[in-house]
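Everything on this sheet refers to the single structure shown next.
Numbered from 1 within each chain, the chains take letters A, B, ... in sequence-line order. As the structure is a prediction and not an experimental result, all values here were calculated from the model.
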4 protein chains.
Amino acid sequence: MSPTDPVKDAVVQARRRQILEAAVIQFSEKGFHKTTIKDIARRAGIADGTIYNYFKNKQDLMVAMVIQIAELAPLMTTVQEMATHRSVEDILSMVLHNRLGLMSENLSYARAIFPQVIAQSELRAKFYDEMLKPNMRLVEQMLEHYVQQNAIRTLDSRIATRIVFAIIFGSLFLTMLGDDFAIENRSAFVEGATTFVRAALASMQADSEETAQ
Amino acid sequence: MSPTDPVKDAVVQARRRQILEAAVIQFSEKGFHKTTIKDIARRAGIADGTIYNYFKNKQDLMVAMVIQIAELAPLMTTVQEMATHRSVEDILSMVLHNRLGLMSENLSYARAIFPQVIAQSELRAKFYDEMLKPNMRLVEQMLEHYVQQNAIRTLDSRIATRIVFAIIFGSLFLTMLGDDFAIENRSAFVEGATTFVRAALASMQADSEETAQ
Amino acid sequence: MSPTDPVKDAVVQARRRQILEAAVIQFSEKGFHKTTIKDIARRAGIADGTIYNYFKNKQDLMVAMVIQIAELAPLMTTVQEMATHRSVEDILSMVLHNRLGLMSENLSYARAIFPQVIAQSELRAKFYDEMLKPNMRLVEQMLEHYVQQNAIRTLDSRIATRIVFAIIFGSLFLTMLGDDFAIENRSAFVEGATTFVRAALASMQADSEETAQ
Amino acid sequence: MSPTDPVKDAVVQARRRQILEAAVIQFSEKGFHKTTIKDIARRAGIADGTIYNYFKNKQDLMVAMVIQIAELAPLMTTVQEMATHRSVEDILSMVLHNRLGLMSENLSYARAIFPQVIAQSELRAKFYDEMLKPNMRLVEQMLEHYVQQNAIRTLDSRIATRIVFAIIFGSLFLTMLGDDFAIENRSAFVEGATTFVRAALASMQADSEETAQ
DNA sequence: TATGAATGAGATTTCATTCAT
DNA sequence: CATGAATGAAATCTCATTCAT
């Protein structure tokens with residue numbers, strides 16, 4: 001068996017997934033610190049010690065989760081595909097839809113990782129560098145592109161990007177804080193947010209056109 | 001000395017504040033769990049045991065912080081004062097300015113409490129009921145008021161409210177995640193967000209007027 | 001390995017016994033509260049934490065001791081075996097011999113548990129219900145039996161029972177208080193007590209016979 | 001004010017009594033270790049620190065209680081008064097009545113001190129030397145006296161003494177263990193015990209007379 | 001003398017991690 | 001690889017005692 005035996009590799013990956021799934025559930029229910037390795041092992045149906053064959057330590061489980069979240073989120077390709085064909089508004093609508101959907105589908109992940117991502121600078125840096133920054137950069141560049149084409153103006157693209165991401169993470173926040181309305185009317189809320197962003201862009205575009213005249 | 005002796009009361013309050021300040025700093029730097037009672041005591045310049053003369057236990061420090069944050073935030077009166085004199089856009093601008101300012105001034109508090117507020121349902125409920133819900137309700141009612149006056153239309157006031165609060169908390173989130181731009185260009189960002197919201201409202205209002213014709 | 005694996009079970013029982021023995025010695029020497037978990041662990045030759053794999057907490061060690069004392073004391077069967085063949089005096093002699101012997105052989109246990117059995121109502125109830133009450137009831141019923149056969153009279157069997165048990169526990173008490181004579185002349189004392197009880201019964205029986213005539 | 005100022009002395013004694021009473025109640029209810037100095041101070045209606053003006057430390061409260069119990073129990077004089085006038089049986093009856101009565105009247109004291117008296121060798125020695133030993137010695141000597149007068153025989157006076165005291169402490173024990181019958185039928189039980197001891201003595205005396213003939 | 005806030009030593013308990021089987 | 005008992009560091013919290021007022 002070579003060190004890259006594909007069968008063994010698949011087994012290892014399956015085990016890692018099994019453990020991570022158990023950990024996500026536990027962390028999201030009880031928080032990182034109140035969850036014990038025993039809790040995770042029980043839920044995964046394995047022995048405590050086995051976890052240490054797949055993860056360096058408890059903290060490493062969190063790191064793996066952040067990485068997995070980052071990998072789970074291929075905003076890039078989707079956006080790039082659309083970028084050539086659509087208007088700014090369409091792109092931003094799509095981003096909002098896509099991200100908000102992703103987050104509510106993975107609410108357990110969010111509850112599991114965000115407390116630690118906020119609290120631990122190491123994890124924070126990882127999340128920012130591997131997930132947030134690339135995605136923001138992408139949207140930013142796209143907006144720059146449209147600005148240069150005079151399709152939109154006035155608003156600094158870095159600020160606009162941050163407003164969009166603020167709406168995304170803010171929505172997640174409201175959901176995590178248990179706001180019933182945001183939870184129960186998710187699709188209406190997503191529509192509303194999209195309309196809102198579209199309206200703002202349209203308005204500002206109109207303004208800039210007027211100014212340009 | 002009666003149980004409500006004012007001098008003693010002031011001393012007690014001062015001690016509580018001294019301890020809470022030390023705790024906020026430590027929690028925001030190292031997180032709730034990695035901060036020990038000894039850490040807090042040292043930073044406050046007192047003995048470990050003294051903390052327990054002012055707070056029931058470590059968790060009680062968190063609860064006190066959440067309560068203090070809620071008390072620190074008199075959105076209500078401010079909004080109500082303005083509500084009679086200004087336009088919707090002005091009100092929302094004010095809310096955004098006010099809340100975003102408050103949050104970045106209390107970033108330590110945010111870093112200290114949010115990980116636990118997300119992770120602990122008890123704390124979450126306290127934060128939601130005492131801070132978030134009343135403030136959202138207030139903005140919601142104000143929007144309802146303008147809707148009835150035909151000053152704005154189309155957008156469900158509950159959704160609009162949530163978008164505004166999402167922008168607020170989302171911005172806080174980006175800041176807590178260490179987004180340099182949001183931190184370094186706070187005032188520009190606040191301006192941008194305000195402009196954005198104004199533009200969206202204006203646009204939607206225009207739409208509704210057209211529709212109404 | 002099933003949850004009732006006999007080998008594992010034996011190992012667990014052995015560990016529990018090892019820990020309990022260490023605890024009994026320490027408790028009897030220093031008392032429950034002055035004995036630390038570390039003391040017990042050291043004497044048992046294990047780590048502090050290991051104790052908690054076998055006992056819920058420190059108090060649980062006391063409970064286990066009381067239960068063990070109760071199980072250690074099969075007065076019942078012994079008495080019942082004899083009841084058909086012997087006289088009252090023989091039975092009571094046997095009970096005295098048996099109990100006094102048991103107690104001085106387990107003086108460490110007595111010193112370990114009685115302070116807590118007296119002080120804690122929960123433990124007191126357990127000791128009374130599982131050890132004292134059944135044994136007293138047994139003697140009581142036996143005396144009732146002889147009373148109905150006219151073999152003895154006059155004395156209320158519940159009172160007689162309590163006198164016998166008072167002698168037993170009182171002797172234990174004197175021993176625990178360090179009365180040298182009671183300790184050094186145990187067998188003479190046991191003989192004396194037996195003679196004493198026999199004499200009392202004989203005398204009262206004689207009285208009742210005279211009265212009956 | 002001289003160091004033996006009687007007024008001051010009386011005040012000091014009153015304070016000590018006040019504190020000790022509070023301590024006895026608390027110790028008997030919650031046990032020595034679960035009772036805090038604060039508990040005692042509250043019940044006595046004074047401040048924590050004040051207790052330390054009257055007692056060296058918490059342990060000293062126990063010592064004071066044992067001394068007080070010893071002083072409370074003037075068996076000596078009573079016995080000595082009677083010794084010249086009465087029979088052995090009367091004396092022993094009196095001793096039983098007196099001691100059993102004393103103990104049930106001071107059940108709180110018993111519950112407060114015995115757990116510690118058993119557990120702490122220092123306290124045990126004090127109790128034995130100052131309370132138990134003198135009283136046992138007294139009864140012993142009295143029995144010796146009657147033995148020499150041929151009023152009684154056969155039974156070793158040291159053993160007889162211990163049986164009597166075993167009955168006394170054993171009764172206390174049953175009471176402390178919560179035996180309802182012993183508690184509710186105290187006087188019947190005391191009568192029974194007296195009858196029992198009388199009967200035993202009478203019987204043994206008869207035996208010895210027969211043997212002597 | 002009385003007070004009660006401050007102290008800090010010390011005990012219990014938890015639990016991540018290791019490692020022999 | 002899997003297991004889970006053993007480990008012991010570390011943290012919270014209590015409370016007897018002190019001492020400035």
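With respect to the salt-bridge test (charged N to carboxylate O, under 4.0 angstrom), the residues A/E29 and A/K34 do not qualify. Under a 4.0 Å N-O distance rule, the pair A/R16/A/E21 does not qualify as a salt bridge.
The distance between atom CG of C/L61 and atom C1' of E/dT13, rounded to the nearest whole Å, is 13 Å. Distance, D/N57 CG to F/dC19 C1': 17 Å, rounded to whole Å. As rounded to whole Å, 14 Å separates atom C1' of E/dT14 from atom CD1 of C/I51. Straight-line distance from the CD atom of C/Q59 to the C1' atom of E/dT13: 15 Å, rounded to whole Å. Straight-line distance from the CZ atom of C/F55 to the C1' atom of E/dT12: 16 Å, rounded to whole Å. Atoms CZ (A/R16) and P (F/dC1) sit 13 Å apart, rounded to a whole Å. Atom CD1 of A/I40 and atom P of E/dT17 are 11 Å apart (whole Å). Atom pair C/K56:NZ and E/dT14:C1' shows a separation of 16 Å (rounding to whole Å applied).
If you check the side chains of C/Q68 and C/Y109, you find a donor sitting under 3.5 Å from an acceptor.
With C/Q26 contributing its side chain and C/R43 its backbone, the two residues share no donor-acceptor pair below 3.5 Å.
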Mind listing the N/O atom pairs, protein and nucleotides 8-11 of chain F, below 3.5 Å?
residue	atom	partner	partner atom	Å
F/dG8	N7	C/G49	N	3.3

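For B/F114 and B/F127, the ring centers sit closer than 6.0 Å to each other.
A/Y54 comes within 4.0 angstrom of sugar-phosphate atoms only, judged by non-hydrogen atoms across all strands, and of no base. Among the atoms of the strands shown, only primed sugar atoms or phosphate atoms (P, OP1, OP2) are found under 4.0 Å from some heavy atom of A/R15. In this structure, A/V12 reaches the sugar-phosphate backbone alone: every heavy-atom distance under 4.0 Å involves primed, P, OP1 or OP2 atoms, never a base.
When Watson-Crick and G-U wobble pairs are counted only if both distances are under 3.5 Å, E/dT21 pairs with F/dA2.
B/Q120 is listed as a side-chain neighbour of B/Q59, based on a closest heavy-atom distance under 4.5 Å.
When the nucleotides E/dT17, E/dT3, F/dC1 are ranked by their closest atom to the side chain of D/N53, E/dT3 comes out on top.
Nearest heavy atom pair, residue C/I51 against residue C/I37, reads CD1-O, 3.7 Å.
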